Amino acid sequence: MKPTDPAITWLEEKPLGLTERLYLPLFFQGLSTTARHMVSRKVTVNYPEVRPTIGNPLIYRGVHRLNRDDAGRVKCVACFLCATACPAHCIDIVATESPWPDREKYPESFTIDELRCIFCGMCEEACPVDAIELTSLLDLTGKSREEMIFDKEKLLSVYDMTKDAEPMKSKTLAAGGMATFGPAPGSPAAGAGGHH
Amino acid sequence: MPTVIVDGKDIEIGAHERLNCIEVARRAGVEIPHYCWHPGLSVVASCRMCLIETGTRDAATGKITMMPKLVPGCQTPAKDGTVIVTDTALVKDSRARVEEALLIDHPIDCSICDKAGECLLQDYHFEHGQAERRTDLNPFHSRRRDVGPTVTLFVDRCIMCTRCVRFTREVSGTSELMVINRGSKEEIAVFPGFPLDNKLSGNVVDLCPVGALGDKDFLYQQRVWFLKRESNVCGGCSAGCSIVTEHNQDTVYRLKPRENPHVNKWWMCDDGRYGWHHLHDPARLLSAGRLVSSNDDHETVEWSDVTTRLRQDLSGAGRLAVAVSPMLTLEEAWMLCAVARSIDQQAALFVGHVPVSGSDESFPGGFTIRAEKCPNRIGVEAVVALFEPEIRGWNELVRAVGAGEYDAAWITAGYPHAWIDDTTAAPFGKLRLLVVQDLFESPLSKLATWRLPAAGFAERAGTWVNVAHRAQVFAAAVRAPAGVWPEGRLYWNMLGRRGLYDPAAVRRQIAESSAALAALGGDLPAVGVDLRVDQLASS
Ligand code: SF4
Ligand code: SF4
Ligand code: SF4
Ligand code: SF4
Ligand code: FES
């Protein structure tokens, strides 16, 4: 849009009035905000001694996990849609024919470079079988770059670690579980959960 | 000129052209969706996707009479005065109904279907299908049926267009595929004990408009939207089929035929289709090596030194013989001859080993697999003829080396298969200097003073001339592996030319220096040029 565009309305700043020019009234107004926050409920925590509470894990975007199906096998069908959607190109999949009679294709290897990931959640949105999900694990540390490339086993172990605290989102949603987590269904926050 | 009216636009066609409505509409920029029709196969008009409205325009009065019913565009010839209408509500509705019917018992397992991304059912549904569903669609996994060593069938994804069946009957002439059962239970199958196993079987995968036929070699290797495509020529035999090399990150994933009416039409053979695996063979020679006299071993030489040291070695070695491999492109062959003559004015230039296996194999559909398993013998002969009064071949070179007529030899090879045995190689051991340029270690390269790596077919750029004297220009699809300089790059540098190897510049130079190859001067069309036709025209 050019500055000369007729759709733009140009506003002039209003000249300062008497109270504004006196300075002190505004000074006390600002100070009262500071004082209010000194006595109100704290929103920050002493991380890492105190861990923050995640309001709604459904919409939190932390470390990935690869979900398992009912038989305990990796749920992913190696469709590459997450790798296609990923803007950071950090998902690398090697697909092959599955060894199971009821499945056709599965990932022989599945790695995510967590350092390259920008935690946008597009992979989770793209997955047609709810195999990849972002958990609410937020402290992701490692001693080397290699350690931060998560392979299939590691991603499945994240699922094993978190599955009780955070059931698979498709199941949570199917059970009407949304209401148990913070925001009510239909609120903007709940709508961002990725599953409809 | 006969005129056809496509959606209100007048399209002129040739007086003797026999076109159907799909082909004429395409000239008007109108795509009529179709499944069962393929220009290389007979017309069955069974899928009904191409239904359109037609009519005739009276030449005298200009009055248009329309047919009351929809007709299949694939089966309706376009004549003078034919009126084709493709954008009416009736046509659109018919297409949506066909799509709806196809989806009723389709698995819709696109997420694991190799065809997704290039599937006509997907594309047509997106363009012509309806958004709402009137039936319950329950995605399920397609049943799989093994139909042959290279092809697998996903039974439920099939839309019964019978392209594959007609291909095996009309083009390969082997008739392995058939339709079993009737009506909605129709399926594609093979007769027990007679699998789909012929030299053209891979083509049915290209023909299949959906993901029903899968190529086992490519199955699940890569999603098609990750692939990059480069137009190439197959190096498998002297037919020189036009192909597209599909690759990603310098790894080739599959080859597909590229339509060329003068060479391969729409097809290619399985030897060529699967003949790229050697490109990624870990056994390939991956560095330039020079024999160290003290320990009988090859030391790796940096490429920047190769150009000068190789030239030095060759200049001091005495009478030089050069084998110009028919795997080289025209440009590479010409530069090799120029390099050799710049080192030794009398250097003898021979056409390299021409691998032959069996005899030519023809199929009823007019496709021939050549026995000569190299892509550019004719081109290399034409180049050598520019430097030598007569063409001498590999056998004469072997004899002359055995007779001690030369002191040094430079053998270019680049064959994907083993090509020389110990007995043939033995006389080369007596030479003072032997340079061998090949893809793999061989009995000959064991004797070599200089062992240089060669490029594979998809890594070369230049021109090949096929058995019918058709010259096709192509660019490299992938980069050669680290440590390998393609021949073109080495010769370009040995000639002391500046910058990157530029095949077009060399080609222009060849065209200027030779009347026989003058046709190579300008920009060549994608289907190539026939060198003989151009000679007749210019003489
Ligand atoms: S969260 Fe975003 S950046 Fe990270 S892997 Fe998924 S799609 Fe890629
Ligand atoms: S989108 Fe889902 S099923 Fe597809 S490859 Fe990614 S994790 Fe696997
Ligand atoms: S053939 Fe494959 S890609 Fe095409 S619609 Fe069917 S499942 Fe999807
Ligand atoms: S397998 Fe493919 S080509 Fe053959 S009939 Fe079915 S859809 Fe057509
Ligand atoms: S393409 Fe015309 S009926 Fe199938």
Side-chain angles (χ1 to χ4, degrees), chain A residues 64 66-71 73-113 116 122-133 149 152 168-170 174 194-196, chain B residues 106-119 122 125-126 131 137-158 205 210-228 246-254 280:
Chain A
H64 307 77
L66 273 183
N67 292 340
R68 293 182 189 274
D69 64 5
D70 295 335
R73 308 169 301 190
V74 60
K75 224 174 165 222
C76 168
V77 296
C79 68
F80 287 68
L81 290 188
C82 51
T84 306
C86 176
H89 300 305
C90 60
I91 305 181
D92 191 58
I93 305 169
V94 178
T96 187
E97 285 173 59
S98 91
W100 313 300
D102 59 332
R103 294 258 300 267
E104 184 53 42
K105 190 181 180 190
Y106 92 121
E108 191 174 42
S109 102
F110 190 114
T111 56
I112 301 184
D113 187 342
R116 205 162 154 176
M122 297 288 251
C123 46
E124 180 178 318
E125 293 260 352
C127 184
V129 294
D130 301 323
I132 190 168
E133 282 181 347
I149 299 177
K152 191 169 79 177
M168 233 182 277
K169 292 178 190 177
S170 48
H195 300 270
H196 317 286
Chain B
H106 193 78
I108 329 186
D109 50 354
C110 307
S111 52
I112 54 159
C113 177
D114 256 6
K115 200 76 170 191
E118 53 179 16
C119 170
Q122 278 186 333
H125 196 76
F126 187 71
L137 292 181
N138 293 314
F140 58 97
H141 286 324
S142 174
R143 284 171 297 151
R144 190 166 158 179
R145 178 177 293 158
D146 208 15
V147 290
T150 54
V151 178
T152 185
L153 170 69
F154 292 89
V155 183
D156 300 307
R157 288 185 195 145
C158 174
V205 178
V210 295
L213 289 169
D215 191 332
K216 287 186 188 168
D217 190 58
F218 178 69
L219 199 66
Y220 306 148
Q221 293 305 302
Q222 187 82 211
R223 299 313 304 237
V224 296
W225 53 83
F226 291 126
L227 296 172
K228 296 165 192 72
E246 306 202 344
H247 60 98
N248 187 12
Q249 298 184 344
D250 288 331
T251 305
V252 175
Y253 283 95
R254 63 176 181 186
H280 307 305

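Values in this document were obtained by computation on a predicted structure and should not be read as measured data. Sequence lines set the chain letters: A, B, ... in the order given, protein chains first and strands last, and positions in each chain run from 1.
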*For the candidates A/Val77, A/Leu81, A/Thr84, A/Thr96, which exhibits the highest count of non-hydrogen atom pairs separated by less than 4.5 Å from chain B?*
A/Thr84

*Approximate separation, where rounding is to 0.5 Å, of A/Lys105 NZ and B/Asp109 CG*: 10.5 Å

_How about CE on A/Met168, more than 12 heavy atoms from neighbouring residues, nucleotides or ligands closer than 6.0 Å, or not?_
yes

_Can you give me the closest heavy-atom contact between B/Ser111 and A/Cys79, atom names plus distance?_
O-CB, 2.8 Å

*Provide the closest heavy-atom pair for B/Leu219 versus A/Glu97 in the form atom of the first, atom of the second, distance.*
CD2-OE2, 3.7 Å

*What closest approach, in Å, do A/Glu104 and B/Ile112 show between heavy atoms, and which atom pair accounts for it?*
CB-CD1, 3.6 Å

